[in-house]
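Indexing begins at 1, ligand by ligand and atom by atom, following the structure's order. Just so it is clear, the values below take in all heavy atoms, side chains as well, and ignore hydrogens, waters and symmetry mates.
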Amino acid sequence: MNPHVWLVGAGPGDPELITLKAVRVLARADVVLVDDLVNPALLEHCPQARILRVGKRGGCRSTPQAFIQRLLLRYARQGRCVVRLKGGDPCIFGRAGEEAAWLAQHGIACGIVNGITAGLAAASEFGIPLTLRGLARGVTLLTAHTEDGSQPDWPALVRSGTTLVLYMGVATLEQTRSRLLAGGLAADTPVAMVERASLPEQRAHLSSLGRMNEDARGFALRSPAILIIGAVAAYCGTQRTAARLAAN
Ligand code: SAH
């Protein structure tokens with residue numbers, strides 16, 4: 001059965017960083033519910049569709065999740081092809097799980113189309129090899145921002161030897177720093193802060209765990225931003241010019 005609802009990743013911001021499948025699904029959409037981190041330029045792929053903006057930025061006025069889910073269901077039941085267009089990848093801090101489960105409970109089939117998640121784009125835009133052999137055993141995508149205030153197991157993350165890619169971390173930098181230091185991560189561990197990755201105004205700053213609060217203030221770091229914590233972050237910036245030159 002063709003799904004009536006598609007949860008589609010829009011990528012990190014650069015309108016070229018969307019998949020061909022996402023473009024094909026958008027071209028068939030009757031209704032598109034758009035998150036606010038989605039680049040509006042992508043809506044050129046669905047000129048026929050009704051566009052509903054349902055942004056959910058932290059700290060801002062936002063459309064309640066329950067209301068978004070009811071909209072998805074209402075349009076799907078009308079037999080429309082509904083696309084929920086989300087920044088990055090729908091399954092990475094994107095509520096795809098909740099939405100897919102809720103639709104399934106109501107008997108609506110749902111398809112998911114990957115997008116490039118912001119953490120990966122932040123790394124590649126500034127030349128950070130997240131799993132460089134000898135420096136990182138893997139990569140962990142995480143957030144310190146949870147609804148119930150619960151914290152990740154910071155010492156276990158430190159022991160894992162993986163590069164930490166932190167989402168939604170700007171408001172809780174101090175907490176992150178002190179918990180990682182207490183968990184045994186060295187103060188001189190490199191930290192790359194990447195703001196608005198893949199957009200023309202993207203910026204990055206290379207700091208360290210010990211200095212990252214002061215540096216974030218000096219750099220005026222703003223959301224949306226990604227923090228990349230680990231030895232590989234020291235590569236931040238080294239390949240950026242080369243990558244840009246190659247792309248242009
Ligand atoms: N589903 C999204 C993440 C949504 S959570 C994805 O896969 O990318 C929102 C957080 O994503 C922001 O607080 C920020 O940490 C990060 N983010 C999204 N777009 C970003 C961008 N262009 N540059 C840096 N961080 C970004």
Heavy-atom proximity to atom 17 (N) of ligand 1, best of Ala118, Ala197, Ala204: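 Looking at heavy atoms only, the winner is Ala118.
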For [X], is the nearest heavy atom under 4.0 Å from an atom of ligand 1?
| X | answer |
| --- | --- |
| Gly87 | yes |
| Ser198 | no |
| Ala225 | yes |
| Arg196 | yes |

Presence of salt bridge, [Y] and [X], under 4.0 angstrom:
| X | Y | result |
| --- | --- | --- |
| Arg95 | Glu98 | yes |
| Arg177 | Glu214 | yes |
| Asp35 | Arg53 | no |

Return all side-chain donor-acceptor pairs below 3.5 angstrom for residues 104-122, not counting sequence neighbours, or 'none' if the list is empty.
from, atom 1, to, atom 2, distance (Å)
His106, ND1, Trp102, O, 2.8
Asn114, ND2, Asp89, OD2, 2.8
Thr117, OG1, Tyr167, OH, 2.7

Which atom pairs, donor and acceptor, lie under 3.5 Å between side-chain atoms of residues 157-165 and protein residues at least two apart or in another chain?
from, atom 1, to, atom 2, distance (Å)
Ser160, OG, Leu157, O, 2.6
Ser160, OG, Thr162, N, 3.3
Ser160, OG, Thr162, OG1, 2.9
Thr162, OG1, Thr140, OG1, 2.6
Thr163, OG1, Leu130, O, 2.7

Please indicate whether any nitrogen or oxygen in Glu195 is less than 3.5 Å from any nitrogen or oxygen in ligand 1.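 No: no nitrogen or oxygen of Glu195 is under 3.5 Å from one in ligand 1.
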Min N/O separation Gly169 to ligand 1 under 3.5 Å: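 No; the residue has no nitrogen or oxygen that sits under 3.5 Å from a nitrogen or oxygen of the ligand.
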Going by the order shown, which atoms of ligand 1 are within less than 4.0 Å of some heavy atom of [X]?
| X | answer |
| --- | --- |
| Ile92 | 1 (N), 2 (C), 3 (C), 6 (C), 7 (O) |
| Thr117 | 6 (C), 7 (O), 8 (O) |
| Leu37 | 9 (C), 18 (C) |

Are Ser207 and Asp215 close enough that a side-chain donor and a side-chain acceptor fall under 3.5 Å?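 Judged by distance alone, the side chains do pair up.
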To the closest 0.5 Å, what do you measure between CG (Leu33) and CG (Leu85)?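 Those atoms lie 9.5 Å apart.
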Could you measure the distance from the CZ atom of Arg203 to the CD atom of Glu195? Nearest 0.5 Å is fine.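 Arg203 atom CZ to Glu195 atom CD measures 4.0 Å (nearest 0.5 Å).
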With a 6.0 Å cut-off (strictly less than), is the heavy-atom count around CZ of Arg222, excluding the residue itself, greater than 12?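 Incorrect, the count does not exceed 12.
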Side chain, backbone, both or neither: [X] near ligand 1, heavy atoms under 4.0 Å:
| X | answer |
| --- | --- |
| Val194 | backbone |
| Met168 | both |
| Pro90 | neither |

